[in-house]
2 protein chains.
Amino acid sequence: MISKELIGASAKPLVLSVLAQGEDYGYSIIQRVRQLSEDQIEWTEGMLYPVLHRMEKEGLLVSSWQVGDSGRKRKYYRLSKTGAKSIAREQAQWIAVHNTLAKLWGMKPCTT
Amino acid sequence: MISKELIGASAKPLVLSVLAQGEDYGYSIIQRVRQLSEDQIEWTEGMLYPVLHRMEKEGLLVSSWQVGDSGRKRKYYRLSKTGAKSIAREQAQWIAVHNTLAKLWGMKPCTT
DNA sequence: TTGACATACATAGCCGTGTTAGGCATAATA
DNA sequence: TATTATGCCTAACACGGCTATGTATGTCAA
């Protein structure tokens with residue numbers, strides 16, 4: 001179980017990074033993150049949807065309703081240019097904190 | 001500048017890990033973290049003191065007033081047994097999230 | 001002496017955000 | 001037909017960081 005603080009801190013960078021691989025919709029993003037984390041990160045819909053709305057309002061994402069193969073309406077999100085650029089900043093912040101923890105834990109720092 | 005979300009998520013593991021190296025007091029912890037992060041993590045007192053109080057209330061820390069060489073009264077914190085044990089859990093959570101991000105960023109995962 | 005500054009702790013109000021809980025709707029499955 | 005999985009959304013609540021402020025002491029220079 002991941003703490004709500006960590007959930008909150010990782011939501012934005014994770015959404016941005018997932019969408020960097022191509023557009024996706026809310027419900028699917030939750031599954032993708034769960035799989036990527038090997039069932040360790042279990043997002044709730046009540047957490048993700050407001051995050052997506054906020055990020056769209058901030059201009060990081062763009063949404064569009066589409067009807068997929070299933071015939072069901074889905075709200076797909078993709079990165080805006082601003083969103084694509086912001087990944088680097090999110091990444092830098094994360095690495096900065098991670099490397100500080102890594103020092104205290106006797107781990108090797110992350111480059112790149 | 002680190003986002004408030006990341007600040008919040010990293011506060012507890014950072015405090016625990018700093019105190020794992022020996023007891024310390026609030027004002028000093030802020031400096032320690034700033035140095036360790038190479039000036040990238042700049043905690044405010046209004047953020048840290050409530051964190052320390054909470055962690056003590058949770059039984060993770062134990063405090064004691066001491067008079068150091070400077071003749072000034074300081075409130076030193078050290079890990080309780082519970083606090084020492086909790087580091088591993090905090091670490092596991094952090095690594096879980098980090099490795100998920102690392103996958104998306106094409107980085108090598110952290111092993112322990 | 002006096003003023004400025006770093007040290008050192010603490011709290012109050014504002015605001016953002018995850019959680020819990022609930023609602024609504026459709027397609028697939030039993 | 002009933003249930004489950006899918007798929008979106010929002011409201012009330014509680015928690016916690018930020019800003020601002022208050023208090024107090026030691027150091028150093030004018």
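By convention in this document, chain letters (A, B, ...) are assigned in the order of the sequence lines, proteins followed by strands, and residues within each chain are numbered from 1.
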Specify the separation, in whole Å, of atom [atom1] of [X] and atom [atom2] of [N].
X     : N      : atom1 : atom2 : value
B:I2  : D:dC18 : CD1   : P     : 11 Å
B:L48 : D:dG16 : CG    : C1'   : 13 Å
A:K73 : C:dA27 : NZ    : P     : 11 Å
B:E56 : C:dA10 : CD    : P     : 9 Å
B:K75 : D:dA24 : NZ    : P     : 17 Å
B:M1  : D:dG17 : CE    : P     : 13 Å
B:Y49 : D:dA24 : OH    : C1'   : 12 Å
A:Q66 : D:dT6  : CD    : P     : 19 Å

Is any side-chain heavy atom of A:Y77 closer than 4.5 Å to a side-chain heavy atom of A:K75? yes
Side chains of A:Q31 and A:L36: does their closest heavy-atom pair fall under 4.5 Å? no
What's [X] touching, base or sugar-phosphate or nothing? Going by heavy atoms closer than 4.0 Å.
X     : value
A:G46 : base
B:M47 : sugar-phosphate
A:W43 : nothing

Over 12 foreign heavy atoms within 6.0 Å of CZ, B:R34: yes
Residue A:W65, side-chain atoms from C-beta onward, closest of D:dC9, C:dC9, D:dT6: D:dC9
Measure distances between side-chain N and O atoms of A:E45 and base N and O atoms of D:dC8, and say whether any donor-acceptor pair falls under 3.5 Å. yes
Could you tell me whether the phosphate oxygens of [N], OP1 or OP2, come under 4.0 Å of any side-chain nitrogen or oxygen in [X]?
X     : N      : answer
B:Y27 : C:dC9  : no
A:R54 : C:dG18 : yes
B:H53 : C:dT11 : yes

Comparing nearest nucleotides in DNA chain C, the 5'-proximal residue of the pair A:R72, A:T44 is A:T44
Decide whether A:S37 and A:Q35 meet the rule of one side-chain donor and one side-chain acceptor closer than 3.5 Å. no
Relative to each other, are the rings of B:H98 and A:W94 parallel, tilted or perpendicular (30° and 60° limits)? parallel
